Participant: 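Below is the structure I would like to discuss, written out as C-alpha cells.
Letters A, B, ... are given to chains in the order of the sequence lines, protein chains preceding strands, and every chain is numbered from 1. From a predicted model like this one, the values you see are computed outputs, not experimental measurements.
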Number of protein chains: 2
Amino acid sequence: MTGQVRTVDGRVAGRRGQATRQKLLDCLSEMLSSSPYRDVKVIDVARKAGTSPATFYQYFPDVEGAVLEIADEMAKEGASLAQLVAGRSWAGKAGWATAEEFVDGFLDFWRHHDAILRVVDLGAAEGDKRFHRLRMKILNSVTTPLTEAVEELRAKGRVDKDVNPAAIAGSLVVMLAAVASHQKGFTTLGVKQAELRPNLALLVHLGITGRKPTR
Amino acid sequence: MTGQVRTVDGRVAGRRGQATRQKLLDCLSEMLSSSPYRDVKVIDVARKAGTSPATFYQYFPDVEGAVLEIADEMAKEGASLAQLVAGRSWAGKAGWATAEEFVDGFLDFWRHHDAILRVVDLGAAEGDKRFHRLRMKILNSVTTPLTEAVEELRAKGRVDKDVNPAAIAGSLVVMLAAVASHQKGFTTLGVKQAELRPNLALLVHLGITGRKPTR
DNA sequence: TCGGTAAGCTGACGGCATGACAGGACAAGT
DNA sequence: ACTTGTCCTGTCATGCCGTCAGCTTACCGA
C-alpha cells in the first residue's frame, strides 16, 4: 500500500532508516523555528542530526520536500480542529462559548506549529500547488463546518440572504491564522494576549451569527 | 541630510550609480514575483540587470538588505491608505460605502505589492525586527484611523465597553491582508472574486460598528 | 586640453552548499 | 562464515557567495 516509506532511489526504508529519516525531519523542524527559512541549509540539518548531507538526499529530494513531509503530518493532526466547530450551537450563551473555545483552540494549534505553518503559508502564497493543497486541507477542517453553521443560520432566516457562507467562514479563519502568526504585531499596538482572544471571539460571533453575543 | 544614497563601502552614489542601483531593485522585485524567495540568487538578479554580482554587493549587503529597501519605498506609498479610513462616517448608508471602499482600496494595494509583502510578512513572522517595523508602519497607516473610529463609536455608547478598539481594528486589517495574500484559497472554496469583497466589507462593518450595515 | 580624483564596474578567487555516485559498514537470515 | 539487502559516508564536479584589487569612466578645476 501507500504506507511504505521509500528512499529517493526507490529502496524501502527499514527500521533504522526510518529512524534517521525521522531524526532529520525533527532537526529540520527545529531549525525552522530558530532560523529564517531562507537560511536553512541541508548541511546544517544533517550536522544537527549527526549525519551527513548525503544521507539527507537519500530520503528527501531537497529541503522543500522534507518540509512538505513535516507539513503533511501536521495536517493530519489538524483534522481534529473540526471538533472545535462541528455540531456546536451558536445561540445564546452557548454560542459565545463556542466562539471562545474555537478561537482558543485554533490559536493554540496555529502557534504550536507556527514555524512550519509560516513556510506552508509562504509556499501557498507563492503559488506552489502542493503547499496550497496542504494549507487548504488544514483550513478546510475548520472552514467546512463553520460554513455549514452559517448556512444553517441562513436557512432559518437569521442571517441575510446575500451573505456567502464560505466567504465569511474562510475570511474569519484566515484572520485567526494571520493573527496567530503575527501575535507580536498586537503587543506593538499595545494589545495584550489576554485581551486579544475575547475580541477575536467577538468578531467570529458577529461574523457567523450577525449579532452580538450574549455573555 | 539623510537623502544621500551611499554604497556599502561608504562612497556617495552619483547619477549613474543610482540608476544601476534602481535597476537592481527593479529586477529583484521582478524576480520575487516570478520565483520562490528561497531561490532568488544574487547572481540571477545581477544577470537580469545586465551587470555582475560584485556590483550588487556594492549597493546592498545582501538580498535581504535590498528587499528591505524595496519594502521601504512601498511603505511610503502605503501611507496614502490612511485616506481610505480617516475622517469617514460609519453611520447608515455612508458607513456601508466606507466599508466597501476601504476593503477595495486595501485589497488592491495589497495585491499590487503581493510579492514584496509576502517577504515582509515572512520576515516579520520570523521575528526580524526590521521587517516587523516595516509591516507595522504599513498596517498602522490603516489600523490607527480605524482604531480611532471604533473609539469614537464606543465613546458615543454605540459599541460595548469591553471591546478593545485596537484589537478589533488590528484583527480586521490582518484579515484583509491575509485574504489578499491567499485569494487563490477562496476560489478553491468556490468563492468568486466579486462575491468576496462585499462579504469582507460586511465583516468589517460588523466589526467596527457592531451592527449590520444598511445598504 | 590636460591631468587629477572619485565613481562605477568587473574578473578572479577562496570558501561553502549542492546533489550524485560508488563503495564500505552493518544487521539478519542461512 | 557467507549472502543479501539496507544504511551511511567519502568524494567529486558544479555552482553560488561575498570580497578584493584593479581597470574604466565621468566630472572638474587649472
Participant: Less than 4.5 Å apart, side chain to side chain, heavy atoms only: is that true for Val85(A) and Glu148(A)?
Facilitator: no

Participant: Pairing donors with acceptors under 3.5 angstrom, does anything connect the side chains of Asn199(B) and Glu195(B)?
Facilitator: no

Participant: Tell me the interatomic distance from Met31(A), atom CE, to dA17(C), atom C1', rounded to whole angstroms.
Facilitator: 14 Å

Participant: Please determine whether a side-chain nitrogen of the Lys or Arg among Arg130(B) and Glu64(B) lies less than 4.0 Å from a carboxylate oxygen of the Asp or Glu.
Facilitator: yes

Participant: Applying side-chain hydrogen bond (donor to acceptor under 3.5 Å, both in side chains), which residue pairs with at least one partner in residues 112-124 of chain A are found, sequence neighbours left out?
Facilitator: Glu77(A)-His113(A), Asp121(A)-Arg135(A)

Participant: Is the distance from OP1 or OP2 of dC7(D) to the nearest side-chain N or O of Arg21(A) less than 4.0 Å?
Facilitator: no

Participant: Can you check the Arg15(B) CZ to dA7(C) P distance for me, whole Å?
Facilitator: 15 Å

Participant: Output all residues satisfying side chain to side chain contact (heavy atoms under 4.5 Å, CB included) with Thr51(B), sequence neighbours left out; order by chain, then residue number.
Facilitator: Leu24(B), Ala46(B), Ala49(B), Thr55(B)

Participant: Does any residue of residues 39-60 of chain B have a heavy atom under 4.0 Å from DNA chain C, and if so, which ones, in number order?
Facilitator: Thr51(B), Ser52(B), Ala54(B), Thr55(B), Gln58(B), Tyr59(B)

Participant: Looking for any heavy atom pair under 4.0 Å, which part of the strands does Thr20(B) touch: base, sugar-phosphate only, or nothing?
Facilitator: sugar-phosphate

Participant: Tell me: CG of Leu24(B) to C1' of dG18(D), nearest whole Å?
Facilitator: 15 Å

Participant: Do Arg88(B) and Phe102(B) form a cation-pi contact, if we require the NZ or CZ to be under 6.0 Å from the six-membered ring centre and within 45 degrees of the ring's axis?
Facilitator: no

